[in-house]
Amino acid sequence: MARSPLPPWTVRQIYGTVEELHALLPDPHTEREVWVLLPQNTAVVLGSTQPDEVVGPALAGSAEVGAAVVRRRSGGAAVLLSPNNSLWVDVVISPDDPLWHEDVSVAALWLGHVWAKTLGILGAVGVQVCDSYVAGRWGNLVCFASRGPGEVFVGGAKAVGISQRRTRTHARFQCLLYRQWLPEELIACLAVPSPQVAALQDDLAAAVWTVASDPREVLRTFLAALPT
């Protein structure tokens with residue numbers, strides 16, 4: 001018996017503030033979507049379980065620093081988002097999709113392999129997909145300092161961070177690739193004891209692999225690599 005055709009991927013390009021983009025909810029009838037999210041402001045985004053105290057006093061409650069503070073409903077730790085520093089692509093699937101997996105520790109592995117294939121086609125060498133969570137020294141503070149299932153690494157540095165938000169109707173995988181990585185900008189927004197700043201900056205400088213390819217080419221390659 002021939003296999004029923006899988007639903008096609010719908011691609012949406014969405015502009016908004018970082019807070020608005022994180023608050024998006026899939027349409028209940030959505031089956032498979034890719035959201036290309038284009039933030040119009042700069043914000044530090046905290047993971048769902050991070051305490052407010054991780055935000056530095058210079059940023060907390062201040063509109064003059066130039067960065068908002070946003071909390072996402074998916075897990076992980078702090079990331080810094082701006083209109084130009086990253087490529088933010090979310091993938092949405094329904095529970096009826098054969099890509100769905102009930103085990104959250106396994107659910108993102110397929111997507112990590114799609115990103116790994118994408119980066120390999122674009123010339124990255126030594127691409128690996130992580131299959132387990134490792135917090136590391138700074139992982140409870142900064143997202144890209146940890147390792148999570150499905151996340152993609154190039155030469156030991158994180159190239160694609162993935163967090164997931166799951167409901168009864170959808171899984172939303174939030175994927176981030178940095179185009180520019182200046183760890184001191186993120187550190188300046190966080191409450192880091194002065195004696196630890198130098199060590200944190202040194203470690204974060206080596207923790208992230210930045211994508212040099214044109215983001216439009218990265219997106220085209222990624223969409224072509226998605227399972228159909």
Side-chain angles (χ1 to χ4, degrees), residues 9 11 34-37 45 47 72 74-82 84-91 93 99 101 103-164 171-187 196 198-228:
W9 293 96
V11 182
V34 176
W35 297 351
V36 183
L37 301 173
V45 184
R72 64 181 183 272
S74 54
V79 298
L80 182 66
L81 286 170
S82 77
N84 300 310
N85 76 345
S86 55
L87 174 61
W88 180 5
V89 179
D90 285 6
V91 177
I93 61 173
L99 296 172
H101 201 292
D103 187 342
V104 295
S105 65
V106 176
L109 292 179
W110 72 270
L111 184 55
H113 286 287
V114 174
W115 279 115
K117 179 179 179 180
T118 298
L119 298 184
I121 291 172
L122 294 171
V125 177
V127 184
Q128 296 182 322
V129 178
C130 184
D131 62 4
S132 59
Y133 179 70
V134 180
R137 181 179 180 184
W138 310 106
N140 291 327
L141 178 64
V142 177
C143 181
F144 270 65
S146 66
R147 293 171 172 259
E151 294 187 316
V152 181
F153 291 76
V154 176
K158 187 182 291 192
V160 184
I162 301 178
S163 63
Q164 54 181 302
R172 176 183 175 183
F173 298 97
Q174 301 188 276
C175 308
L176 189 71
L177 298 81
Y178 273 110
R179 300 168 56 201
Q180 304 169 13
W181 175 241
L182 298 172
E184 62 272 17
E185 292 184 350
L186 176 56
I187 294 171
Q196 298 180 9
L200 176 58
Q201 183 160 325
D202 286 346
D203 288 350
L204 291 185
V208 177
W209 185 87
T210 55
V211 58
S213 302
D214 186 299
R216 293 168 296 183
E217 182 62 23
V218 177
L219 182 60
R220 283 193 296 266
T221 307
F222 172 74
L223 294 175
L226 283 170
T228 56

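Just so it is clear, the values below take in all heavy atoms, side chains as well, and ignore hydrogens, waters and symmetry mates.
Under the 4.5 Å side-chain criterion, counting only non-hydrogen atoms from C-beta, Y133 is not in contact with S105. Counting only heavy atoms from C-beta outward, the side chains of Y178 and V79 approach each other to under 4.5 Å.
The shortest heavy-atom contact between V104 and Q164 is O-NE2, 3.0 Å. Here the closest non-hydrogen pair linking P227 and W9 is O-NE1, 2.8 Å. Across all non-hydrogen atoms, the minimal contact from L37 to D90 is CD1-OD2, 3.4 Å. When all heavy atoms are compared, the tightest approach of A159 to W209 is CB-CE3, 3.5 Å. Here the shortest heavy-atom pairing between A108 and P149 reads CB-O, 3.8 Å. When every heavy atom of I162 is checked against every heavy atom of C175, the shortest pair comes out as CG1-SG, 4.1 Å.
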Checklist entry - Between L141 and L200, does a side-chain contact (heavy atoms from CB on, under 4.5 Å) hold up when you go through it step by step? => result CA-CA 10 Å; L141 178 64; L200 176 58; 4.0 Å; yes
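Within the structure, the salt bridge (charged side-chain N to carboxylate O under 4.0 Å, His left out) test picks out the following pairs touching residues 132-156 (sequence neighbours left out): E151-K158.
The side-chain contact (heavy atoms from CB on, under 4.5 Å) with V160 is formed by just one residue from the set L119, V211, L176, T118; it is L119.
In the displayed structure, N140 atom CG is contacted under 6.0 Å by at most 12 heavy atoms of other residues, nucleotides or ligands. Annotation for E184: atom CD counts as buried by contact number, over 12 foreign heavy atoms lying within 6.0 Å.
In this structure, CG on L122 lies 4.0 Å from OG1 on T221, to the nearest 0.5 angstrom. For the atom pair CG (L223) and OG1 (T228), the distance works out to 12.0 Å, reported to the nearest 0.5 Å. Note that CG of D203 is 6.5 Å distant from CH2 of W138, once rounded to the nearest 0.5 Å. A distance of 7.5 Å separates CZ of R179 from CG of D214, quoted to the nearest 0.5 Å. One finds the CG atom of L87 at 12.5 Å from the OG1 atom of T210 (value rounded to the nearest 0.5 Å). Between the CG atom of L111 and the CD atom of Q174 there is a distance of 11.5 Å, given to the nearest 0.5 Å.
The aromatic rings of F222 and W115 sit parallel to each other, their planes meeting at less than 30°, with 60° as the upper class boundary.
Listed by chain and number, the residues in a salt bridge (Lys or Arg N to Asp or Glu O under 4.0 Å) with R72 amount to none (sequence neighbours excluded). Evaluation of the side chain to side chain donor-acceptor pair (under 3.5 Å) rule for W110 yields no partner, not counting sequence neighbours.
Distance alone, capped at 3.5 Å, is enough to place a donor-acceptor pair between the N85 side chain and the L80 backbone.
Checked by atom type, the side-chain pair N84/S82 shows no donor-acceptor distance below 3.5 Å.
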